[in-house]
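As the structure is a prediction and not an experimental result, all values here were calculated from the model. Proteins come first, then strands; the chains are lettered A, B, ... in the order of their sequence lines, and each starts at number 1.
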Amino acid sequence: MSLDPPSSALLLRWYRAHRRELPWRAAPGVRADPYRVWLSEIMLQQTTVGAVIPYFRRFIERFPTVAALAQAPEDDVLGLWAGLGYYARARNLIACARVVAGMGGFPETIEALRALPGIGGYTAAAIGAIAFDRPVVPVDGNVERVAARIFAIEASLPKAKPTIAAAAARLGEQAAARRAPSDFAQALFDLGATICTPRNPSCMICPWRDACSAHRRGIAEELPRKEKKAVRPVRFGTVFLLRDSVGMIGLRRRPPKGLLGGMFELPGTDWESAMPETEPPIAATDWRDAGTIRHVFTHFELSLRVMAASVVVLPRGLTAAPVDTPMPTLMRKAVTAGLAALR
DNA sequence: TATCCGTGGCC
DNA sequence: TGGCCAAGGAT
């Protein structure tokens with residue numbers, strides 16, 4: 001940690017030569033649209049660029065401005081978000097858009113950004129740096145990895161987070177002096193995504209190779225070290241697909257908060273450590289076994305049995321919905337399996 | 001501080 | 001196949 005930080009000019013030169021074109025990105029040196037930066041940063045939380053791009057394009061097409069998003073019905077936004085995961089982000093997205101629209105635009109300070117729904121320390125720094133050239137280094141997983149390697153920080157995450165964050169701040173000191181925090185932040189992202197990768201980093205073509213302490217010591221790929229994660233428990237449940245005589249299916253809305261909050265689902269049992277007793281929502285005559293779906297969430301794995309039946313009229317309490325109604329991926333899998341069993 | 005919160009791709 | 005990983009935030 002007493003090492004000198006590498007040259008920001010070196011990284012910025014590399015960035016201008018190798019910069020990736022992304023839908024939310026402005027040309028080097030050009031101020032980006034804060035709305036696009038914000039929307040992309042929310043979508044990119046724990047989500048890969050490849051997964052985000054089509055969602056980002058659909059959102060921009062439907063909601064070109066933060067004012068348009070602020071006026072949208074919540075169901076439209078949740079529906080457009082369906083499949084992207086972490087649905088609290090979509091709820092916070094709406095809340096944030098409404099606050100920002102009321103303010104007449106995005107605030108430009110880190111503190112004011114940090115106070116908005118769904119914006120934490122990282123995202124405030126990212127928007128501040130990228131959209132407003134605030135002299136900060138947003139510390140995401142990429143930047144943590146780069147900083148840990150440059151300074152050969154061997155302490156394990158998450159305990160080492162503060163140490164690595166301090167190291168990342170040192171990386172940005174020169175860039176701040178050069179008035180290029182926006183390009184510098186994005187350069188760090190690109191370096192982490194394409195060169196300084198978690199596995200098999202391309203050290204031989206890295207613009208910072210000569211300054212990298214971990215590379216010099218031959219331990220770049222080992223850093224940052226991480227504590228082992230807890231084992232994922234398995235839960236079991238059953239869902240019921242009911243299709244009526246005109247081809248509509250019976251869905252219900254999940255509670256507004258918590259897992260898959262506010263999204264549509266098939267009716268079913270709770271998800272428990274052992275298969276719960278099943279009580280079909282209607283006395284259909286020919287229930288078909290549509291198989292079992294395995295779905296992995298962050299902190300548990302779900303084994304979900306799917307039962308399907310045709311009925312004349314859907315029971316009360318269920319919403320008659322088209323089969324292509326937007327819903328979380330887990331439920332999309334279950335609907336697909338159920339419909340296949342009814343053929 | 002620890003837990004909860006999705007999904008898909010990669011090796 | 002299974003564990004890891006991805007531009008984290010809220011509580």
Side-chain angles (χ1 to χ4, degrees), chain A residues 20 22-25 32 36-56 78 81-93 95-96 113-131 136-146 157-159 161-162 165 168 182 184-194 196-201 221 224-235 254-263 265 271 293-302 327-333:
Chain A
R20 296 179 297 167
L22 297 171
W24 46 85
R25 212 167 237 190
R36 297 168 74 96
V37 173
W38 164 71
L39 179 60
S40 69
E41 287 301 337
I42 301 300
M43 289 183 165
L44 286 162
Q45 289 167 4
Q46 296 292 288
T47 309
T48 55
V49 167
V52 163
I53 286 175
Y55 282 85
F56 180 83
L78 288 175
W81 195 277
L84 195 56
Y86 286 134
Y87 299 96
R89 294 185 296 176
R91 303 191 296 271
N92 285 328
L93 193 78
C96 185
L113 288 164
R114 174 71 182 78
L116 294 168
I119 297 183
Y122 161 76
T123 303
I127 299 171
I130 296 170
V136 292
V137 177
V139 184
D140 71 331
N142 288 309
V143 179
E144 278 185 340
R145 188 167 56 253
V146 171
L157 288 170
K159 195 174 179 182
K161 249 180 196 310
S182 176
F184 186 75
Q186 295 174 85
L188 280 177
F189 295 158
D190 279 14
L191 187 73
T194 64
C196 196
T197 50
R199 290 180 304 258
N200 299 316
E221 187 168 10
R225 303 190 199 286
K226 298 192 177 181
E227 296 296 332
K228 291 189 177 172
K229 293 171 183 172
V231 294
R232 242 195 292 265
V234 182
R235 296 184 194 170
R254 288 183 63 86
K257 293 186 177 181
L259 188 71
L260 309 180
M263 306 299 290
E265 68 170 357
W271 303 339
I293 289 168
R294 197 172 138 278
H295 191 81
V296 180
F297 291 99
T298 304
H299 56 294
F300 70 93
E301 176 183 330
L302 179 65
M327 65 186 76
T329 297
L330 164 66
M331 294 299 162
R332 175 52 54 197
K333 288 185 198 172

Contact class for [X] vs. all strands (heavy atom < 4.0 Å): base, sugar-phosphate, or nothing?
X: A:Arg36; result: nothing
X: A:Thr123; result: sugar-phosphate
X: A:Gly121; result: sugar-phosphate
X: A:Leu22; result: base
X: A:Trp81; result: nothing

- Message: Do the side chains of A:Arg199 and A:Glu221 get close enough for a salt bridge, i.e. N-O under 4.0 angstrom?
- Response: no
- Partner of A:Trp24 under side-chain contact (heavy atoms from CB on, under 4.5 Å), picked from A:Val37, A:Leu39, A:Val52, is A:Val52
- Item | A:Arg25: salt bridge (Lys or Arg N to Asp or Glu O under 4.0 Å) partners, not counting sequence neighbours | A:Asp190
- Please state how far atom CD1 in A:Ile119 lies from atom P in C:dA10, giving the value in whole angstrom units. 9 Å
- Message: Does the Lys NZ or Arg CZ of A:Arg232 fall within the cation-pi geometry relative to A:Phe300 - under 6.0 Å from the ring centre and within 45° of the axis?
- Response: no
- So, is the end of the A:Arg114 side chain (NZ or CZ) under 6.0 Å from the ring centre of A:Trp38 and within 45° of the ring's axis? no
- Query: Does C:dA10 have OP1 or OP2 sitting under 4.0 Å from an N or O in the side chain of A:Arg91?
  - Reply: no
- Note on the structure: Once base and sugar-phosphate atoms are separated, protein heavy atoms under 4.0 Å mark nucleotides 4-11 of chain B, 5' to 3', with B, S and - as SBBBS---
- Does A:Thr48 have any side chain to side chain contact (heavy atoms under 4.5 Å, CB included) partners at least two apart in sequence or in another chain, and if so, which? A:Ala51
